[in-house]
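The structure appears right after this line, and notes come after that.
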Amino acid sequence: MRRLSISPAARKAIAIGSLCSTAYLAVYVAKNILSAATPQITAAGAFTVERIGALSSTYYICYAIGQLINGYIGDKIKTKYMISFGLLLASTGFWLLPQLAGLDMAATAAYGASGFFMAMIYGPMTKVVAENTEQLYATRCSMGYTLASFLGSPAAGVLAASLAWEWAFRAAGGIMVVMATICMIVFTVMERKGVIRYGQFKPKQKGVGNIRILLKRQILRFALIAVLTGVVRTAVLFWLPTYISQHLKFDPSSAALIYTVGTLCVSCSTFLAIFLYERVMKGNMEKTILLSFACAALSFGGAYLIPVELPFANVVFMVLAILSANCASNMIWSRYCPSLFDTGMVSGATGFLDCCSYLAASAATALFANAVADIGWGNLILIWVGLMVLGAVISLPFHKKQ
């Protein structure tokens with residue numbers, strides 16, 4: 001049998017991508033543990049639902065701010081330090097939270113700090129991948145840690161189902177400590193072997209010149225796309241179980257099962273986006289984003305038009321809408337951000353875009369809760385249709401391929 005040949009460039013990408021994807025999986029296990037353990041926490045009386053909501057909101061705000069600050073720092077400090085210390089420092093909040101039950105302010109501060117420190121990972125990780133792998137492999141690596149982020153939710157569910165909530169948090173903290181140690185060791189080995197090199201690309205200008213470079217590369221346009229897709233991939237997805245149970249009248253157990261299946265389908269957006277980009281749109285990022293937004297708008301429209309008497313069909317269109325919006329989102333993280341490798345500002349630009357995404361998601365999550373009571377699910381879906389139409393408009397006109 002002929003032995004499969006793997007090029008040195010591919011081997012390098014596999015090594016870097018595997019390490020980054022594993023580290024990002026640890027981040028998302030921790031990020032989802034609060035949601036997964038909420039039934040246990042409320043049943044034990046450790047935190048009320050309102051306090052858990054406040055914890056989650058604080059976390060996302062701190063995470064968004066952290067993306068902005070740490071993304072900038074990540075362009076100046078070695079990735080191994082950013083990722084390793086980010087994981088290590090973030091773990092402390094998860095170790096402390098069980099001891100801080102009943103101390104609302106202290107618990108909120110600890111959990112918010114964990115969000116800030118966890119924001120030390122994504123920007124620097126994207127930078128090291130973009131600057132040390134070929135563009136094709138950078139996209140594949142980005143797909144890898146995007147998929148890892150989707151797998152974090154069921155992994156957190158397993159921890160929450162297997163352990164008391166206090167130990168689920170401690171286990172999440174322990175996973176981050178182990179991963180921080182592995183990253184420090186493996187990144188150091190890769191540096192010594194020349195697999196990873198720093199300083200290959202530096203900003204050609206200083207100060208305002210850096211901003212001009214990013215403006216020329218349409219950073220504001222992609223910030224708007226990050227805002228719109230962030231609303232769907234985080235806020236709309238967050239309210240999907242409530243939509244299924246309240247609006248479509250499924251019982252709680254059925255709603256949970258439908259949500260699980262739906263999120264597994266949404267995870268396919270990682271691969272679908274690249275297929276559309278490479279095979280259907282022949283490498284045109286703008287057309288891929290336009291198609292994704294158009295499909296999302298049509299799918300939300302379908303969910304609006306299909307009556308609640310056909311609940312399964314309604315759910316299908318809602319899931320298709322979220323999946324389609326995620327395809328547009330994946331173009332930002334898998335294609336646009338790595339394409340900035342020659343600017344020397346990949347980490348900062350990625351952090352800025354992720355900050356925009358999470359700030360929008362945090363605000364939308366709260367607004368949607370009030371909107372359901374004030375205008376109803378149907379009118380809220382029409383707002384989502386409008387947001388996706390706006391995204392399609394922003395994707396026009398076509399410019400040169402990216």
Evaluate the side chain to side chain donor-acceptor pair (under 3.5 Å) criterion for residues K12 and T133: first the C-alpha distance (whole Å), next the side-chain angles of each, then the deciding distance (0.1 Å), finally the verdict.
-> CA-CA 7 Å; K12 177 194 283 192; T133 64; over 6 Å; no
Quick one: are F116 and Y63 in side-chain contact, heavy atoms under 4.5 Å?
-> no
So do Y81 and M184 actually touch side chain to side chain, heavy atoms under 4.5 Å?
-> yes
So, do I16 and M190 sit near enough that their side-chain heavy atoms are less than 4.5 Å apart?
-> yes
Within-4.5 Å side-chain heavy-atom neighbours: C62 and F117 = no
Using a 4.5 Å cut-off on heavy atoms from C-beta on, say whether the side chain of T288 contacts that of C327.
-> no
Check: T188 and K80 side chains under 4.5 Å, non-hydrogen atoms = yes
Side chain to side chain donor-acceptor pair (under 3.5 Å) assessment of S395 paired with R221 = CA-CA 8 Å; S395 303; R221 186 185 191 197; 5.6 Å; no
Compare all side-chain heavy atoms of I121 with those of M82 and state whether any distance is below 4.5 angstrom.
-> no
Quick one: does K287's side chain get under 4.5 Å of Y277's, heavy atoms only?
-> no
Check: Y24 ring centroid to Y122 ring centroid under 6.0 Å | yes
R197 charged N/C atom sitting above F187 aromatic ring, 6.0 Å / 45° | no
Is it true that E309 and K249 make a salt bridge, defined as a side-chain N closer than 4.0 Å to a carboxylate O?
-> no
Counting only heavy atoms not in Y28, do more than 12 sit closer than 6.0 Å to its OH atom?
-> yes
Side-chain ion pair, R170 and E166, N-O less than 4.0 Å | no
Measure centre to centre between the rings of F169 and W95, then say whether the value is under 6.0 Å.
-> no
Parallel, tilted or perpendicular: ring planes of F94 versus Y111, cut at 30 and 60 degrees | perpendicular
Verdict with supporting geometry, V236 and F300, side-chain contact (heavy atoms from CB on, under 4.5 Å) | CA-CA 11 Å; V236 175; F300 276 132; 4.3 Å; yes
Please test N330 against I274 for side-chain contact (heavy atoms from CB on, under 4.5 Å), starting from the C-alpha separation and ending with a verdict.
-> CA-CA 8 Å; N330 275 302; I274 298 303; over 6 Å; no
Relative to each other, are the rings of H247 and W377 parallel, tilted or perpendicular (30° and 60° limits)?
-> tilted
